[in-house]
There are 2 protein chains.
Amino acid sequence: MAYRETEKMRKRKAEARQRILTCAYQCVAQSGFRSARVTTIAALAGLATGTIYRHFESKEDLFAEIFRLATQREVDKVAEALATEGDATVRLEAALRQFAERALRGPVMAWSLIAEPADPKVEEERLAYRKAYARLFETAISEGMEESCIPQQDARQSSTCLVGAIAESLVGPLSPAQAGSQPEAKHHNNDPLVDSIIRFCMQGLTGTRR
Amino acid sequence: MAYRETEKMRKRKAEARQRILTCAYQCVAQSGFRSARVTTIAALAGLATGTIYRHFESKEDLFAEIFRLATQREVDKVAEALATEGDATVRLEAALRQFAERALRGPVMAWSLIAEPADPKVEEERLAYRKAYARLFETAISEGMEESCIPQQDARQSSTCLVGAIAESLVGPLSPAQAGSQPEAKHHNNDPLVDSIIRFCMQGLTGTRR
DNA sequence: ACAAGAAATGAATAGTGATTCACTACTTCA
DNA sequence: TGAAGTAGTGAATCACTATTCATTTCTTGT
């Protein structure tokens, strides 16, 4: 016997894998899934094309993983906003705001996550992603109903509507056609667009004019 | 000179074009854009593959046109529902219901129109399609504000939220993963799903609990 | 240093389907 | 009927990239 995988090698492989993910992420964040090429990613990572395939089954799998990562990041932020002080409506409002503002700040990635056409495996992840948001909101709505600051309703259905209303409102501003028109480093805090989305959503939830 | 396009020929060509559209429509309604093949469509229309290209620039163009047609049909129906008697809220509610119920009745086409990944030109049409709905709703909302049965708000923004909330709520039930589970000839009138979507939407609009 | 194996390489391959185009068949009109 | 022009045909081509794999380079333990 002569070669056995050692800790050092394991680590190096893990690093390579990580680097691939990072570079692929970068590609996608820069111009979406559609135009991301395996060859480009490999070059960017300083690896040969074939090497990608030692770390990932297929391009689709790689992309699905990127999607999962990007998603996790977003969902975590929203979960965080949802975990602050205040009654359910306050927390939900903060969460919706977080969702919308983050999307407006990273429009290409947001668009890829929300609306860009993609391969089946990625689409699957997308459904999961939307469900993750919906679940988060659903829980908060249920809590709100218990605290009775939100009237009785089908929490799952309402959360789906929330996700839809926000996503749709963002598609216009996010879609690549509009890409150039967004001045780069805009803050998007207190964006009136975000305010009116949130007003609609909160009204839909509470049935209370604001 | 010997051959000049005559009325008869013009008509025959128009018919062929129409037939292509019909067959393509059928393909899409049956299994979506992704799996529709130019060759299949040609065969279905009783034409050679190449003939398709005498009538349409490219597959993308053909599909964009189908999308436009299908869209027009749907939008017209919603416009119709919006043109009935009653105050703005009543009419809007009827329109939303029409939108949702029609989608549930023709799930494959609805999914293609709402969510199926597609080529850029088709995606462009999709944006237009969603905007067409939004515009319709927007007008009704504005009317409602004048009639003061709907409180003051950004009508465009709200209409976008409506479209998003409905579309998102339908994606789950329509997505091909669920396809088999829908018993074929279900009525979808008084579907509780539709009711709760509509409740959310109308609350969002009016801020009035129902 | 060497043998045994693992990892990396990247040019060549392959699958997929849209699109082309040289050719045939048809239409028109004198 | 025949010349001129148009429509229809469909097998062959092309474009695009993901993926493969024979070969090379690197690691490891003796």
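Quantities reported herein were computed from a predicted structural model and do not represent experimental measurements. Atom set for the values below is all heavy atoms of this structure, side chains included, hydrogens, waters and symmetry mates excluded. All chains are named by letter (A, B, ...) in the order of the sequence lines, taking the proteins before the strands, and each is independently numbered beginning at 1.
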> Between A/Tyr129 and A/Tyr133, how do the two ring planes meet: parallel, tilted or perpendicular, split at 30° and 60°?
Replying inline: perpendicular
>> Which is more 5' along DNA chain C, the nucleotide nearest B/Glu7 or the one nearest B/Thr39? Just name the residue.
In response: B/Thr39
> With a non-hydrogen cut-off below 4.0 angstrom, is B/Thr51 in contact with a base, only sugar-phosphate, or nothing?
Replying inline: base
>> I need the NE2-P distance between B/His55 and C/dT20, as an integer number of Å.
In response: 15 Å
> Any salt bridge between A/Glu124 and A/Lys121, counting N to O under 4.0 Å?
Replying inline: no
> When you check the phosphate oxygens OP1 and OP2 of D/dA7, does a side-chain N or O of B/Lys13 lie under 4.0 Å from one of them?
Replying inline: yes
>> Would the distance check show the side chain of B/Glu60 and the main-chain N or O of B/Asp119 forming a donor-acceptor pair, the cut-off being under 3.5 Å?
In response: no
>> Is it the case that the base of C/dG17 and the side chain of B/Arg37 share a donor-acceptor contact (distance under 3.5 Å, atom types as modelled)?
In response: no
> For A/Lys11 and D/dT27, what is the distance between atoms NZ and C1' respectively, to the nearest whole Å?
Replying inline: 17 Å
>> Both B/Met9 and B/Gly50 contact DNA chain C. Which one's nearest nucleotide lies toward the 5' end?
In response: B/Gly50
> In whole angstrom, what separates A/Phe63's CZ from D/dT17's P?
Replying inline: 12 Å
> If only atom types and distance count, is the side chain of A/Arg126 paired as donor or acceptor with the main-chain N or O of A/Ser112 below 3.5 Å?
Replying inline: yes
>> Between A/Arg12 and D/dT27, is there a contact of a side-chain N or O with OP1 or OP2 at under 4.0 Å?
In response: yes
>> If I take atom CD1 in residue B/Ile52 and atom C1' in nucleotide C/dA18, what distance separates them, rounded to the nearest angstrom?
In response: 12 Å
> Given that B/Thr49 and B/Glu5 both sit by DNA chain D, which one's nearest nucleotide is further toward the 5' end?
Replying inline: B/Glu5
> Is any side-chain nitrogen or oxygen of B/Tyr3 closer than 4.0 Å to OP1 or OP2 of D/dA4?
Replying inline: no
